[in-house]
S.K.: 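Take this structure first; my questions come after.
The sequence lines fix the lettering, A, B, ..., with proteins before strands; numbering per chain opens at 1.
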Protein chains: 2
Amino acid sequence: MTDTATTGRALPHPEPEEIRLESVLHALSDPMRLRIVRELAADEAELSCSHFDLPVTKSTTTHHFRVLRQSGVIRQVYQGTAKMNGLRRDDLDGLFPGLLDSLLAAADRQAGRLGDRS
Amino acid sequence: MTDTATTGRALPHPEPEEIRLESVLHALSDPMRLRIVRELAADEAELSCSHFDLPVTKSTTTHHFRVLRQSGVIRQVYQGTAKMNGLRRDDLDGLFPGLLDSLLAAADRQAGRLGDRS
DNA sequence: ATCGTAGTACGAGGTCTATCGTACGAGGCG
DNA sequence: CGCCTCGTACGATAGACCTCGTACTACGAT
C-alpha cells in the first residue's frame, strides 16, 4: 500500500548465477537489441518500452525486450500499464567486470565511425 | 620465392573497417566458437584447425572457423595442407579497445565459475 | 604414382530467430 | 462505464543457423 513499487505481477528474471555469457552476447548481437541497450545505458534510467521508437511492430518489440530480459541484460518491472526497463549493470559488472562498459564503448565507437549520430 | 609465407591461395577476410560489432558478438555467442577463441588466446600462437579437439565433425568445424574468419575475429592462412588460425588482436583492439580482453576475461571467469577447468 | 592427411563443398534435416498480424488483457482517464 | 493506450499471446512465415554425411580437392610423403 505504502509501497511505491509495481502494480502488476512479476516477470521471470534469471538469477545472476544463471546468466550465461553466450546468451548475453547473443542478445547483444542483434542490431535492434543493441540499440535498445545503448539507449538504456545513455539515459541511465528506467525507460518504458514505448519510449523507444523502433522500426518494427509492437509484437517484435515485445519479443526483443523479452530476449534481453531472459538473457539477464535488462530488468523489467510493471508500473501501471507501462513496463519499465533498466540495465542490470550491477549484476553484469559482478559477473563480468568491465565487460558491459567495453561493449557499450565498442558500440559507441562503431556508431560514431558509421555516422549513426546517437 | 624468398617469401616465407603461404603456399596455397588466399582466403577472404573482412577489412578492419568492415568488421561489425554485431557480427563479432554473434560469432562469440556460440559455445563452440567461444571455446576456439579462448584456446587461440591462451596459446598466443597460430594453431591449425586440426589442433582443436571439438565434439563435432570436420564439416562443422570448418563452418565455425569460417564464421569466425568472416566476422573478423580470426585470421586464417594456408600453410601446406594445414590452415593456421590466429586471433586478429591488433585489428580488434584498434576497432574496439579493451573489448577482446574483457570478453576473454568474462569467458575465463564463467569457465572458472562453472568448473570448466581450462 | 600412390596413398594419407587436412580441409572444403554441397546438400539435407531440424531447430531457432526475426518479423508480422490479429486478437486479447490490464490499467488509467474521461 | 466506456475508451484509449501499453503491452502480451498466439500463430504464421521466411530466413538463418548448427549439425551431419558424403564426395571432393590440395598438399606432402612414401
S.K.: With sequence neighbours left out, write down each residue that passes side chain to side chain donor-acceptor pair (under 3.5 Å) with D108(B), or none if nothing qualifies.
M.R.: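 Checked D108(B) against side chain to side chain donor-acceptor pair (under 3.5 Å); matches are R38(B).
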S.K.: Only counting residues at least two apart or in another chain, list the ones meeting side chain to side chain donor-acceptor pair (under 3.5 Å) with S48(A).
M.R.: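 Per chain and number, S48(A) pairs via side chain to side chain donor-acceptor pair (under 3.5 Å) with S50(A).
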S.K.: Can you list the residues that meet the salt bridge (Lys or Arg N to Asp or Glu O under 4.0 Å) rule with E39(B), with sequence neighbours excluded?
M.R.: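 Here no residue qualifies.
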S.K.: Expressed as a whole number of angstroms, how long is the span from I36(B):CD1 to dC18(D):C1'?
M.R.: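 Interatomic distance, CD1 of I36(B) to C1' of dC18(D): 13 Å.
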S.K.: Kindly write out the residues that satisfy ring pair (Phe, Tyr, Trp, His ring centres under 6.0 Å) with F96(A), not counting sequence neighbours, or none if the list is empty.
M.R.: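 Listed in chain order: nothing, the list is empty.
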S.K.: In B/S/- notation, 5' to 3', how is nucleotides 3-20 of chain C contacted by protein heavy atoms closer than 4.0 Å?
M.R.: ---SBBB-------SSBB
S.K.: May I have all residue pairs that pass salt bridge (charged side-chain N to carboxylate O under 4.0 Å, His left out) and include part of residues 63-78 of chain B, sequence neighbours excluded?
M.R.: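 Residue pairs with at least one partner in residues 63-78 of chain B: R75(B)-D91(B).
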